[in-house]
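Data first, discussion second: the structure below is written as structure tokens.
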Amino acid sequence: MARSWATLGVDLHLEPTGPGLRRGLTDALREAVRTGRLGPGTRLPSSRVLAADLGIARNTVADAYADLVAEGWLTARQGSGTRVADRVAAPPPEASARRPREPARPVHDLRPGSPDLASFPRVEWLRAARRAVTAAPNDAFGYGDPRGHPELRGALSAYLARARGVRAAPDHLLVCGGVAHALVVLAAVLRARGVRTVAVESYGLHVHRDLLEAAGLRTVPLPVDDRGADPGALTDAGAVLLTPAHQFPTGVPLHPDRRAAVVDWARRTGALILEDDYDGEFRYDRQPVGALQGLAPDHVVYLGTASKSLAPGLRLAWAVLPPGLADEVTATRGGSDTCGVLEQLTLAEFLASGAYDRHVRASRLRYRRRRDALVAALAGRDPDVRIAGIAAGLHAVLGLPPGTEQQVLRSAAWHGLGLHGLSVFRHPRATTDPLDAVVVGYGTPPDHAWTGALDALCRALP
């Protein structure tokens, strides 16, 4: 039985134009190579396949190939087929325009917010992926539940209850493409409910503030001190966004009295608490601080992510929703922007098998060694240096003499360091006096580069 043309060769889009099929095909191929649409080394379909695709005679294609081989645009070798020759293609018109110069990448990246990507558990992840895909039923690869795959929601529910004290029924759990994605959906729901103001910490991620404000919500800053955010400043806000386990970026946990106060406020006013469990799994010198959600599951939206524990490129996060909010958030999110099923199935297996716990524990030890090396290096340079926020998380805050933050950042850049000052995280309407400090992330550099990063940091400090 003759084989269908649809099962043979590779696809090639061409639109021959001009007088004559041979000339039109030759010109179309030449233009595709000249503009770079067909890059050097690209294998072209055989003359038989291309002729069948275009509905023309095979000799016409063979003659066009021969012409372009003679001109040097193509090469043809026995057993290797016809390929685009190794020659410089003209850049497309938009590529020739002057583009802004990209800033040079730092030699050592000490900016907070990312783990050591070199430590991603590739072997264990592949094993979990193989087991998950092998065991998955066929319907697991369909569009699925917009809340996320049931296997992952079940595994997350069990893990969060055990490790973080979260009261999370699988039906009230939403899998998202990141905490930012969850905030976009929640902001739309809050706006639809008539909320106009959301309280945020006076120091925090500007990306989250920007997302809330882009949704039409006004953000008001809460003062942050050594007891965390001060809920006494909560007034007419309809919701509050907090990082209670490890305040970002100052690194302090929310004091128990303030945890109770913010929960009382939410119950009294009917407002929502958006709990970003930032760095909640990484603690070193203290007992773990349980999730705020466990105190008031009817008033707290718990937000977690695999970005720090595994890798941000997975784009996997989750929101545990109060029962009265789950259906509304799911409807607002709709069926779009669902996360890939393969990643969800793999993470579910990774959690259920215990591989996630083992990875987090190993990472905790590795990051603690880095933190200890940071503290020792700074103490050896200046015993009076002020270091805060080091009991947990992946960063430390180094206090500086008043008025020296920008000077240190310039020096850091000169020494090849990527470093953020505390001021970049300050809310533009914060009323408390600004503090001079730098935020040193010790998660990003790989192990072999950590000593060099510390040496550069010590040279950059005043």
Side-chain angles (χ1 to χ4, degrees), residues 110-114 179 198-209 219-234 240-259 261-262 273-292 303 305 308 367-368 370-371 374-375 378 384-406 408-409 412 419-444 457 461:
L110 299 184
R111 292 169 293 193
S114 179
V179 170
V198 177
V200 297
E201 294 158 329
S202 58
Y203 286 92
L205 287 170
H206 69 84
V207 174
H208 292 172
R209 294 197 302 264
T219 63
V220 295
L222 298 178
V224 173
D225 55 27
D226 59 1
R227 289 156 50 95
D230 183 2
L234 289 168
V240 59
L241 174 62
L242 298 172
T243 51
H246 187 241
Q247 201 283 325
F248 183 84
T250 64
V252 298
L254 189 62
H255 190 276
D257 291 345
R258 292 185 173 180
R259 289 164 66 92
V262 74
I273 302 168
L274 311 181
E275 178 183 12
D276 181 1
D277 195 19
Y278 198 92
D279 288 344
E281 290 156 315
F282 296 110
R283 75 276 180 183
Y284 313 115
D285 301 326
R286 59 169 168 78
Q287 292 295 317
V289 178
L292 191 64
L303 302 170
T305 177
K308 306 298 185 299
Y367 292 134
R368 177 169 185 164
R370 293 189 188 187
R371 185 213 60 175
L374 168 66
V375 173
L378 293 174
D384 296 326
V385 67
R386 293 178 290 122
I387 310 176
I390 60 173
L394 301 181
H395 69 272
V397 179
L398 308 186
L400 299 173
T404 62
E405 182 179 302
Q406 294 305 313
V408 170
L409 293 178
L419 194 63
H420 278 328
L422 187 62
S423 59
V424 76
F425 303 105
R426 180 178 167 84
H427 195 290
R429 292 189 294 276
T431 57
T432 54
D433 293 335
L435 303 173
D436 283 271
V438 290
V439 182
V440 181
Y442 47 84
T444 302
L457 175 64
L461 294 175

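These numbers come from the heavy atoms of this one structure, side chains and all, not from hydrogens, waters or symmetry mates. None of the values given here were measured: they were computed from a predicted structure.
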- Message: Let me confirm one number: the CG-CG distance from Leu303 to Leu242, rounded to the nearest 0.5 Å.
- Response: 11.0 Å

- Candidates Leu400, Asp436, Leu398 - the one meeting side chain to side chain contact (heavy atoms under 4.5 Å, CB included) with Val408: Leu400

- Heavy-atom nearest pair, Pro401 first then Thr404, reads O-OG1, 2.6 Å

- Roughly how far, to the nearest 0.5 Å, is the CG atom of Leu457 from the CG atom of Leu110? 6.0 Å

- Item | Note, Asp230 side chain near Leu222 side chain (heavy atom, < 4.5 Å) | no

- Message: Assess the residue pair Leu461 and Leu378 against the criterion (side chain to side chain contact (heavy atoms under 4.5 Å, CB included)); give the C-alpha distance rounded to whole Å, side-chain angles, the decisive distance to 0.1 Å, and a yes or no.
- Response: CA-CA 10 Å; Leu461 294 175; Leu378 293 174; 3.5 Å; yes

- Message: Holding to salt bridge (charged side-chain N to carboxylate O under 4.0 Å, His left out), I want the full list of residues that pass it with Asp277, two or more places apart in sequence or in another chain.
- Response: Arg164

- Task: I would like to know whether Val198 and Arg209 meet side chain to side chain contact (heavy atoms under 4.5 Å, CB included); could you show each step before the answer?
- Result: CA-CA 9 Å; Val198 177; Arg209 294 197 302 264; over 6 Å; no

- Query: Considering all heavy atoms of both residues, which atom of Arg426 and which atom of Pro434 are nearest to each other, and what is their separation?
  - Reply: NH1-CA, 3.6 Å

- Message: Would you say that Glu201 contacts Thr250 through its side chain, given a criterion of any heavy-atom pair below 4.5 Å between the two side chains?
- Response: no

- Among Leu205, Leu419, Val439, find the one that has a side chain to side chain contact (heavy atoms under 4.5 Å, CB included) with Pro112. Val439

- Item | Validation row: Pro221, Thr431 side chains within 4.5 angstrom (heavy atoms) | no

- Message: Nearest 0.5 Å, please: how far is NZ in Lys308 from CD in Glu281?
- Response: 11.0 Å

- Please answer whether the main-chain N or O of Tyr442 pairs with a side-chain N or O of Arg371 as donor and acceptor at a distance below 3.5 Å. no

- Query: What heavy-atom pair brings Pro223 and Thr432 nearest, and what distance separates the two atoms?
  - Reply: CB-CG2, 3.9 Å

- Message: I need the minimum non-hydrogen distance between Tyr203 and Pro249, along with the two atoms involved.
- Response: CB-CD, 3.6 Å

- Message: If you define the side chain from C-beta out and look only at heavy atoms, does anything of Leu435 sit under 4.5 Å from Val397?
- Response: no

- Message: The test is side chain to side chain contact (heavy atoms under 4.5 Å, CB included); show your working for His427 and Thr219 and say whether it passes.
- Response: CA-CA 9 Å; His427 195 290; Thr219 63; 3.0 Å; yes

- Item | CG-NE2 distance between Asp276 and His246, expressed to the nearest 0.5 angstrom | 12.0 Å

- Item | Test ring pair (Phe, Tyr, Trp, His ring centres under 6.0 Å) applied to Tyr367 and Tyr284, step by step | CA-CA 9 Å; Tyr367 292 134; Tyr284 313 115; 7.8 Å; no

- Roughly how far, to the nearest 0.5 Å, is the OG1 atom of Thr444 from the CZ atom of Arg111? 8.0 Å

- Query: Closest approach of Glu275 and Leu292, non-hydrogen atoms and distance?
  - Reply: OE2-N, 2.7 Å

- Message: Do Leu394 and Arg370 have side chains that approach each other closer than 4.5 Å (heavy atoms only, starting at C-beta)?
- Response: no

- Parallel, tilted or perpendicular for His420 and Phe425, by the 30°/60° rule? perpendicular

- Item | Ala229 to Pro231 - nearest heavy-atom pair and separation | O-CD, 3.2 Å

- Message: Test of understanding: with salt bridge (charged side-chain N to carboxylate O under 4.0 Å, His left out), list the residues that count as partners of Asp225, not counting sequence neighbours.
- Response: Arg258

- Message: For Phe248 and Tyr278, take the angle between the two ring planes, folded into 0 to 90°, and tell me which bin it lands in: parallel under 30, tilted 30 to 60, perpendicular over 60.
- Response: tilted

